[in-house]
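Start at 1 with the first residue, then count along the sequence.
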Amino acid sequence: MKVTINDVAKYAGVSIKTVSRVTNKEPSVKQATIDKVNQAISALNYQPNVAARNLASTSSYVIGFIYDNPNAYYVIDMQNGILSACNDRGFELLIHPCNAKSASICDELTSMVKHSRLAGLVLTPPMSEDPNILAALDKINANYVRIIAGEHTDENKGLTVLVNDKHGAVEITQHLISLGHQHIGFLSGDHQHESTKERLLGFRKAIENNKLTVNENWILDGKYSFESGVEGANKLIAMKNRPSAIVACNDEIAAGALFAARLAGLDIPKDLSIVGFEDSPFSRQTWPKLTTVHQPNVEIAQIATQLLINKHKDQGNEKFKIFTPNPVIRDSSASPHGN
C-alpha cells in the first residue's frame with residue numbers, strides 16, 4: 001500500500017501538521033524534529049503528493065516557468081535553476097512554453113494561473129517585458145518575478161531580477177578595441193527582446209567612449225539564431241570595406257558568423273575576430289572557441305525563484321537583484337591582421 005503522511009507521522013511520533021511543516025520547509029521547526037521526520041520519510045520511502053497537497057492546503061506549492069525563447073540552452077539553464085530552487089523549498093515546477101506574439105497570450109496565461117493554482121510565475125523575456133501581460137497578471141493578483149535586461153528598475157513594479165546586458169556589451173566591445181580594432185560590426189538579435197536593445201546600446205557606448213565612429217551599415221538586424229548569424233556575417237564579409245571584428249548579440253549568432261567566415265576562407269581570428277554573448281555551450285563547441293560574455297543563467301533563475309517563493313511564504317522583503325555579465329576571453333578574438 002502507498003505510504004501516507006499519517007504513516008510518517010506515526011513512525012516519527014509527531015502530528016500530521018508537523019510532518020506537513022517539515023515537508024513544506026516552513027521556518028521555526030526544531031532541527032531535532034526535522035531530523036526525526038526526515039528519517040521517517042527516508043525509512044518509509046514516502047513521496048509527498050503535490051497535487052493532493054495543493055488541494056488540501058490554502059497555499060500552493062507549484063511554480064510556473066513561462067518562456068518563448070528559441071535558444072534551447074537558455075531554456076535548459078533557466079529550467080535547471082528554477083528546479084534547483086524549487087527542490088530546496090519543497091515546490092514543484094510546471095513548464096509552459098508559449099507564443100509571446102499570440103493575440104490570446106494574456107488570456108492563456110491568466111487561465112493557466114487560475115486553473116493550475118500556481119504559487120507564482122517565473123517570467124523570462126519577452127513576456128517579462130510586455131506591459132500587457134504584466135497588466136493582465138496584476139489584474140488577477142498573480143504572483144510573479146520578472147527576469148529582464150536593464151540597469152535600473154522601479155521596485156514598485158514587483159519582484160525583479162535585472163541582467164545588466166549593456167555593461168557586458170560595453171566590456172566585450174572594449175576588449176576588441178583594446179586589441180586594436182577600430183572597424184567593428186554588430187549582428188543584432190530579435191528586437192522584441194529588451195536584451196537586444198541593451199546590448200546594442202552597450203556596443204555604441206564603447207565605440208563612442210573611444211572616440212571611434214559607429215558605421216551604421218555594419219549594424220544588421222537579425223534573430224537569435226545560428227542561421228541569422230550566417231546570413232548577417234555573409235553580408236558583412238561581402239562588403240567592400242568590411243569590419244575587422246564582429247560583436248554578435250548571442251553565441252548562436254556568433255557561431256553562425258564563424259561558420260560563414262570559415263566557409264568564405266577567412267582565418268578566425270587572424271582575418272576576422274568574432275565575439276558572442278551569454279557563454280552558452282555554443283561558445284565552447286565551436287572552433288576556435290568563442291570569446292563571449294558570461295551570463296550565469298542557472299544562478300539568475302535560482303535567485304528569481306527564491307525571491308518568488310519567499311514572497312509567497314511571507315519570508316523576507318527582498319524584491320530586487322542585479323547580475324552583471326563579464327567577458328570570457330577565448331580563441332576567436334585577436335589583434336587585427338597586420339597589427
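The closest donor-acceptor contact from the side chain of Arg199 to the backbone of Gly168 lies at 3.5 Å or more, if one exists at all. Between the side chain of Asp267 and the main chain of Gly265, no donor-acceptor pair closer than 3.5 Å is present. Of the possible polar contacts, none joining the Asn210 side chain to the Leu212 backbone as a donor-acceptor pair under 3.5 Å is found. Although no hydrogens or angles enter the test, the distance criterion places a donor-acceptor pair under 3.5 Å between the side chain of Ser15 and the main chain of Thr18. Thr173 places a side-chain N or O within donor-acceptor distance of the main-chain N or O of Ala169, the cut-off being under 3.5 Å. A donor-acceptor distance shorter than 3.5 angstrom exists from the side chain of His115 to the backbone of Ser111, with no hydrogens or angles considered. With hydrogens and angles disregarded, no donor-acceptor distance shorter than 3.5 Å links the side chain of Ser84 to the backbone of Gly81. Between the side chain of Ser42 and the main chain of Asn38, no donor-acceptor pair closer than 3.5 Å is present. Thr160 contributes a side-chain N or O that, together with a main-chain N or O of Gly158, makes up a donor-acceptor pair within less than 3.5 Å. The closest donor-acceptor contact from the side chain of Ser333 to the backbone of Ser273 lies at 3.5 Å or more, if one exists at all.
Residues Leu123 and Ser128 approach most closely at O-CB, 3.3 Å, considering heavy atoms. Closest approach of Ile184 and Ile177 over heavy atoms only: CD1-CG1, 3.7 Å. The nearest pair of heavy atoms linking Gly180 to Pro336 is O-CG, 3.6 Å. Across every non-hydrogen atom of Gly185 and Pro243, the tightest pair is N-CB, 3.6 Å.
For the pair Cys98 and His96, the minimum side-chain heavy-atom distance is below 4.5 Å. In this structure, Leu134 and Asp130 have side chains that are not in contact, with every pair of non-hydrogen atoms separated by 4.5 Å or more. Side-chain contact between Phe277 and Ser195 is absent, with no heavy-atom pair separated by less than 4.5 Å. Looking at heavy atoms from C-beta onward, Lys10 lies out of side-chain contact with Asn6 at the 4.5 angstrom threshold.
Note: the hydrophobic cluster containing Phe91 also contains Ile95 (ILVMFWY, side chain heavy atoms under 4.5 Å, direct or indirect links).
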So Lys197 and Glu129, salt bridge (Lys or Arg N to Asp or Glu O under 4.0 Å) or not? Walk me through it.
CA-CA 12 Å; Lys197 302 171 189 175; Glu129 299 159 345; over 6 Å; no
Please lay out, stage by stage, how Leu162 and Glu151 fare under the test side chain to side chain contact (heavy atoms under 4.5 Å, CB included).
CA-CA 7 Å; Leu162 270 181; Glu151 296 178 276; 5.9 Å; no
List the steps, then state whether side-chain hydrogen bond (donor to acceptor under 3.5 Å, both in side chains) holds for Asp251 with Thr292.
CA-CA 7 Å; Asp251 293 332; Thr292 186; 2.7 Å; yes
Report the C-alpha distance between Arg146 and Val122 in whole Å, list the side-chain angles of each, state the deciding distance to 0.1 Å, and finish with yes or no for side chain to side chain contact (heavy atoms under 4.5 Å, CB included).
CA-CA 6 Å; Arg146 300 178 300 148; Val122 178; over 6 Å; no
Let's go through Gln182 and Thr213 carefully: what are the C-alpha distance in whole Å and the side-chain angles of both, what is the deciding distance for side chain to side chain contact (heavy atoms under 4.5 Å, CB included) to 0.1 Å, and is it a yes or a no?
CA-CA 8 Å; Gln182 296 186 15; Thr213 301; over 6 Å; no
Ile63/Glu92 under side chain to side chain contact (heavy atoms under 4.5 Å, CB included): CA gap, chis, key distance, verdict:
CA-CA 6 Å; Ile63 298 295; Glu92 294 291 320; over 6 Å; no
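More than 12 non-hydrogen atoms from other residues, nucleotides or ligands lie less than 6.0 angstrom from OH of Tyr73. Within a 6.0 Å sphere centred on CD of Gln39, other residues, nucleotides and ligands contribute 12 heavy atoms or fewer.
For the salt bridge (Lys or Arg N to Asp or Glu O under 4.0 Å) condition, the pairs that include at least one residue of residues 180-193, sequence neighbours left out, are Asp190-Lys223.
Here the rule is side chain to side chain contact (heavy atoms under 4.5 Å, CB included) with His167, and of Val163, Asp165, Asn164 only Asn164 fits it. Just one of Lys289, His294, Arg330, Glu278 meets the side chain to side chain donor-acceptor pair (under 3.5 Å) condition when paired with Ser283; it is Arg330.
Side chain to side chain, Thr291 and His175 fail the donor-acceptor criterion of an N or O pair below 3.5 Å. In this structure, a donor-acceptor pair under 3.5 Å is absent between the side chains of Asn241 and His183. Between the side chains of Ser225 and Glu252, no donor-acceptor pair of N or O atoms lies under 3.5 Å. For the residue pair Gln306/Asn310, the side-chain donor-acceptor check at 3.5 Å is not satisfied.
The residues Glu231 and Lys235 are annotated as salt-bridged, a charged nitrogen and a carboxylate oxygen being separated by less than 4.0 angstrom.
Summarising the hydrophobic clusters (Ile, Leu, Val, Met, Phe, Trp, Tyr; side-chain heavy atoms under 4.5 Å, direct or chained), the residues clustered with Met239 are Leu187, Trp218, Leu220, Tyr224, Leu236, Ile237, Ile246, Ile253, Leu258, Leu266, Ile268, Leu272, Ile274, Leu290.
The distance from the CG atom of Asn80 to the CD atom of Glu299 is 14.0 Å, given to the nearest 0.5 Å.
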